[in-house]
Amino acid sequence: MLPARHRMRRRADFTTSVQSGRRGSARRVVVHVAVGASAEPCTVGFVVSRAVGGAVDRNLVKRRLRGLMASRVVALPDGARIVVRALPAAAGAKADVLARDLDQALRVATRVGTTR
RNA sequence: UGAGUCGGCCAGGCGGUCGCGUCGGGCGGGUCAUCAGACCCGACCCGCCGAGGAACGUCCGGGCUCCGUAGGGCAGGGUGGUGGGUAACACCCACCCGGGGUGACCCGCGGGACAGUGCCACAGAAAGCAGACCGCCGGGCCUGGGCAACCAGACCCGGUAAGGGUGAAACGGUGGUGCAAGAGACCACCAGCGCAUCGGGUGACCGGUGCGGCUAGGUAAACCCCACCUGGAGCAAGGCCAGACAGGGAGCGUUUGAGGGCUGCCCGCCCGAGCUCCCGGGUAGGCCGCUGGAGGCGUGCGGCAACGCACGUCGUAGAUGGAUGGCCGCCACCGGUGCGCAAGCACCGGGACAGAACCCGGCGUAUCGGCCGACUCAUCCG
């Protein structure tokens, strides 16, 4: 599971990440990454709206995504603000399927030097 | 053995690995302190515990918190057989009444329709106070037949609710007397209603006797009437700490009282110097509340039961972008396919409904399947 120091818990972090971060999307997830200058460890937040399903399904999707991100935070730069947003297609998806989408979206969002 | 009724329980298990949250301990750090130590922080280590029977819907009832007190009347809202249980209830138990079932049992939005008003579709002649379509009977007149008595038919006037037909429902039922034909017009019994009275029951109510006039529809989840209950808002309650900003304008008012006392109106009581609107600006962090409670389990006693009392015993989630999990394996369970005479083996698939957010008691709804107990009916054997 995701260590506590990597968890995003402030509203402002969510807002800046979603509004000003680079976006990478796949069929089931969208990833926002805002690169910050601070030396603090990167933080990851999750957004799973009601469109995904009931409380049980949303919890399951969030836990799977959190479990997958736990092994990926080490590769991400310090100070980054990352928000993983689940799309309705993520409901009921197995972990390996989510992992493919997640990696694809992360690759786009973290590509350096392609800012327009 | 088959069909069925009621009640209770469970919500796959074990392991590996990577992790999360609360709490406790260790270790490390910080602040204070002469020391002893106290408090705070931690991304490290160890340990305990960590979703449900519905956690759900938020439909009722409470606890708790705040509104100074929670007063009277009206309105509004709720409840609706009786007795009990309970903190309380719209819940639960027992009983009564009505309906269904061979039965175990089940169902009931179960006060009042002689206070008033409204409504009763379709069908039917007529639907609330009556009502003649066919029929039956009497009279008149005409036509036809007959010597005549009379018979048949058309029309008109009247009598009749027994028969036909319509309907969920047609102003009691059966038998008789009676009559032109009929009718509670009268009689007997039965059903129903009212009054009186006796017996049983705490009571709803049940049973009996006598008399009366003989008959009076349903609907209150239509308005309404009656009895009883009901102050409001809700943990985003409420409190503490930290932090930010920038004020300006208009109106009303300070004992001749603005505004407020959190659904509306009136009265009473009370607080009271600010309140309302517009433009502009700022914040939206942390802590407490926060889990030991009408608590679970066991035994005994009281009670038909719901439940109560006594004793013993257990310690059982507290998140806040929101922990209780992700991945993998094995064993059981269910379904399918193939092989096999069979026991079985192999492969594939399946495991529902659903996630605490202040806490309880209920109700309602969702749910793959499994287990246990009591009882009923039918059949077979003894």
Side-chain angles (χ1 to χ4, degrees):
Chain A
M1 191 51 47
L2 198 62
R5 65 174 178 280
H6 287 301
R7 288 167 63 183
M8 187 179 289
R9 16 187 38 138
R10 296 179 147 271
R11 171 173 285 272
D13 291 342
F14 278 86
T15 316
T16 57
S17 177
V18 171
Q19 286 180 355
S20 58
R22 273 195 61 81
R23 195 175 65 201
S25 58
R27 215 171 104 69
R28 295 171 184 80
V29 292
V30 175
V31 178
H32 303 265
V33 178
V35 184
S38 88
E40 305 215 327
C42 63
T43 58
V44 184
F46 300 90
V47 176
V48 183
S49 79
R50 293 184 69 89
V52 175
V56 175
D57 296 325
R58 279 186 281 134
N59 268 340
L60 185 61
V61 167
K62 198 184 291 183
R63 282 163 181 159
R64 281 177 172 155
L65 288 173
R66 195 150 47 212
L68 292 168
M69 283 306 290
S71 58
R72 287 162 173 78
V73 283
V74 287
L76 295 166
D78 283 353
R81 300 278 175 269
I82 301 133
V83 167
V84 179
R85 196 149 50 84
L87 299 175
K94 287 278 195 181
D96 51 348
V97 177
L98 279 176
R100 268 204 307 278
D101 280 18
L102 187 62
D103 287 333
Q104 183 191 330
L106 268 173
R107 221 177 304 123
V108 176
T110 57
R111 206 179 310 165
V112 197
T114 55
T115 41
R116 278 172 285 181

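Worth saying up front: this structure is predicted, and the values here are computed from it rather than measured. Order of the sequence lines sets the chain letters (A, B, ...), proteins ahead of strands, with each chain counted from 1.
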Calculate the interatomic distance between A/Asn59 atom CG and B/C56 atom P; express it in whole Å. 14 Å
Using side-chain heavy atoms (C-beta onward) and a distance below 4.5 Å, is A/Val31 in contact with A/Leu102? yes
Would you say B/G322 has OP1 or OP2 under 4.0 Å from some side-chain N or O of A/Arg66? yes
Given the options A/Leu65, A/Val61, A/Val29, A/Phe46 meets side-chain contact (heavy atoms from CB on, under 4.5 Å) only with A/Leu65
Taking atom P in both B/A319 and B/G24, what distance in whole Å separates the two? 12 Å
Would you classify A/Leu60 as touching base, sugar-phosphate or nothing, given that sugar-phosphate means primed atoms plus P, OP1 and OP2, and contacts are heavy atoms under 4.0 Å? sugar-phosphate
Roughly how many Å is it from CZ in A/Arg72 to C1' in B/C18, rounded to a whole number? 13 Å
Quick check: do A/Met69 and A/Leu106 have side-chain heavy atoms less than 4.5 Å from each other? yes
OG-CZ distance between A/Ser49 and A/Arg85, expressed to the nearest 0.5 angstrom: 8.5 Å
Could you check whether any side-chain heavy atom of A/Val44 comes within less than 4.5 Å of a side-chain heavy atom of A/Arg66, counting everything from C-beta outward? no
If you only use heavy atoms from C-beta on, which nucleotide in B/A356, B/A354, B/U324 is closest to the side chain of A/Ala55? B/A356
C1' atom, B/G259 versus B/G272: distance in rounded Å? 8 Å
A/Asp57 CG - B/G326 C1' separation (whole Å): 16 Å
Partner nucleotide of B/G238 by Watson-Crick or wobble geometry (both distances under 3.5 Å): B/C288
Provide the Watson-Crick or G-U wobble partner of B/U202, both distances under 3.5 Å; none if there is no partner. none
Rounding to a whole Å, what distance do you find between A/Lys62:NZ and B/G321:P? 10 Å
Could you tell me which nucleotide pairs with B/G340 by Watson-Crick or G-U wobble geometry, both distances under 3.5 Å, or answer none if nothing does? none
Could you tell me whether the side chain of A/Val97 reaches within less than 4.5 Å of the side chain of A/Arg28, counting heavy atoms only? yes
Pick the C1' atom in B/A123 and in B/G78, then give their distance to the nearest Å. 42 Å
In this structure, how many angstroms lie between the P atom of B/G326 and the CG atom of A/Leu98, rounded? 12 Å
Any strand: nucleotide that pairs with B/C311 via Watson-Crick or wobble, under 3.5 Å: B/G298
CZ of A/Arg23: more than 12 outside heavy atoms within 6.0 angstrom? no
A/Arg64 side chain near B/G325 phosphate (N/O to OP1/OP2, under 4.0 Å): no
Can you check the distance between B/C23 and B/G50, where both ends of the measurement are the C1' atom (answer in whole Å)? 11 Å
Taken to the nearest whole Å, CG/A/Leu65 to C1'/B/G325 is 13 Å
Identify, between A/Leu68 and A/Val47, the residue whose nearest nucleotide on RNA chain B lies closer to the 5' end. A/Val47
Spacing of the P atoms in B/A188 and B/A154 (rounded, Å): 44 Å
With both distances under 3.5 angstrom, what nucleotide forms a Watson-Crick or G-U wobble pair with B/U219? B/G118
Does B/C95 pair with anything, Watson-Crick or G-U wobble, both distances under 3.5 Å, and if so, with which nucleotide? B/G81
Interatomic distance at C1', B/G112 relative to B/C223, whole Å: 15 Å
Any idea if B/G259 is syn or anti, going by the 90°-from-0 cut? anti
Quick one: look up who B/C9 pairs with, Watson-Crick or G-U, both distances under 3.5 Å, and put none if it's unpaired. B/G370
For B/G172, what is the paired nucleotide under Watson-Crick or G-U wobble rules, both distances under 3.5 Å? B/C190
B/G217: syn or anti, per glycosidic angle within 90° of 0: anti
Suppose you measure atom C1' in B/G260 against the same atom in B/A273; what distance do you get, rounded to whole Å? 12 Å
With rounding to the closest Å, how many angstrom separate the P atoms on B/G13 and B/C288? 35 Å
B/A222 glycosidic conformation (syn if within 90° of 0, otherwise anti) is anti
